[in-house]
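Report on the following structure.
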Amino acid sequence: MHANAQRVVDAAAAAGLAIDVIEYPEGTKTAEDAAAAVEAPVATIVKSLVFLVDGLPVMALIAGNNRLAEDRLSEECGGGTVDRADAELVRSATGYPIGGVPPFAHRTQLATFVDRDLLAHDAVWAAAGTPRHVFRLTPADLVRLSGGAVVELAR
């Protein structure tokens, strides 16, 4: 197993959750790619996105069919300017490349916000450290392991 995926498995296990990581050699870089690979609706794919709010990185976990309402993220962070993090900052803050960022097991502690729409599903799928590895978990476990606040993030 890829070292990044193993870190995600180990972090989940440390939190009391056994996960099965699946590798798709063709890649699961986008929510649409992931949904096609796992044969699930795009709405069940967790997009783990890093944004800067007043220069500080934060994690937004968004349903695959949604787009982030940056004004809502700003409100949740107490106001401020929201900018998309570049690939270097994403890797520095999380330890993972864009397209493979899991919802937890990050290099640094990030304020995390979970799109309420993800809670509408029995299970969701997230990246497991690379653009080729994914895993399934319940929305309750997503919230618990990410430590995220459940909020309205979709526009």
Side-chain angles (χ1 to χ4, degrees), residues 1-24 27-31 33-34 44-64 66-119 121 123-155:
M1 182 178 306
H2 191 281
N4 285 0
Q6 189 62 57
R7 282 199 333 256
V8 176
V9 169
D10 293 345
L17 179 66
I19 60 171
D20 293 318
V21 172
I22 303 168
E23 181 176 6
Y24 292 95
T28 56
K29 286 184 180 183
T30 68
D33 292 343
T44 64
I45 303 302
V46 178
K47 296 188 290 189
S48 299
L49 305 175
V50 178
F51 284 85
L52 296 170
V53 179
D54 285 340
L56 296 175
V58 300
M59 175 66 64
L61 304 176
I62 308 292
N66 286 347
R67 294 189 55 88
L68 176 71
E70 292 180 10
D71 58 333
R72 290 184 182 162
L73 181 61
S74 175
E75 285 175 27
E76 294 299 331
C77 293
T81 304
V82 175
D83 295 300
R84 188 105 188 212
D86 65 22
E88 184 178 326
L89 190 134
V90 169
R91 188 180 287 272
S92 173
T94 67
Y96 304 97
I98 289 176
V101 177
F104 55 86
H106 303 137
R107 177 178 289 155
T108 62
Q109 185 71 29
L110 298 171
T112 301
F113 302 91
V114 180
D115 182 1
R116 185 176 310 282
D117 288 352
L118 288 166
L119 277 60
H121 308 285
V124 293
W125 291 86
T130 83
R132 296 183 322 275
H133 294 85
V134 296
F135 68 100
R136 185 175 185 256
L137 74 168
T138 67
D141 283 329
L142 174 69
V143 172
R144 180 174 66 85
L145 271 67
S146 70
V150 178
V151 297
E152 296 292 335
L153 288 179
R155 61 174 160 149

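Values below: every heavy atom of this structure, side chains too, minus hydrogens, waters and symmetry copies. Bear in mind that the values here come from a model prediction, so they are computed numbers and not experimental data.
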If you take all heavy atoms of [X] and [Y], which pair is closest and at what distance?
X      : Y      : answer
Glu152 : Arg72  : O-CD, 3.2 Å
Arg107 : Arg91  : NH1-O, 3.2 Å
Val53  : Cys77  : CG1-CB, 3.7 Å
Leu137 : Ala126 : CD2-CB, 4.4 Å
Val50  : Pro57  : CG1-CB, 4.1 Å

Just verifying a value: how many Å separate [X] [atom1] and [Y] [atom2], rounded to the nearest 0.5 Å?
X      : Y      : atom1 : atom2 : result
Lys47  : Leu68  : NZ    : CG    : 8.5 Å
Leu73  : Met59  : CG    : CE    : 11.5 Å
Glu88  : Ile98  : CD    : CD1   : 11.0 Å
Leu61  : Phe113 : CG    : CZ    : 10.5 Å
Thr130 : Asn4   : OG1   : CG    : 7.0 Å
Leu89  : Thr94  : CG    : OG1   : 9.0 Å

- prompt: Any sub-3.5 Å donor-acceptor pair from Arg136's side-chain atoms to Asp20's backbone N or O?
  reply: no

With distance as the sole test, does Ser48 use its side chain to make a donor-acceptor pair with the main-chain N or O of Val101 at under 3.5 Å?
-> yes

With sequence neighbours left out, the residues meeting side chain to side chain contact (heavy atoms under 4.5 Å, CB included) with Ala15 are Arg144, Leu145

Practice prompt. Could you label the plane-to-plane angle of the His106 and Tyr96 rings as parallel, tilted or perpendicular, counting under 30° as parallel and over 60° as perpendicular?
Written response: perpendicular

Can you check side-chain contact (heavy atoms from CB on, under 4.5 Å) on Ile22 and Trp125, steps first, answer last?
CA-CA 10 Å; Ile22 303 168; Trp125 291 86; 3.8 Å; yes

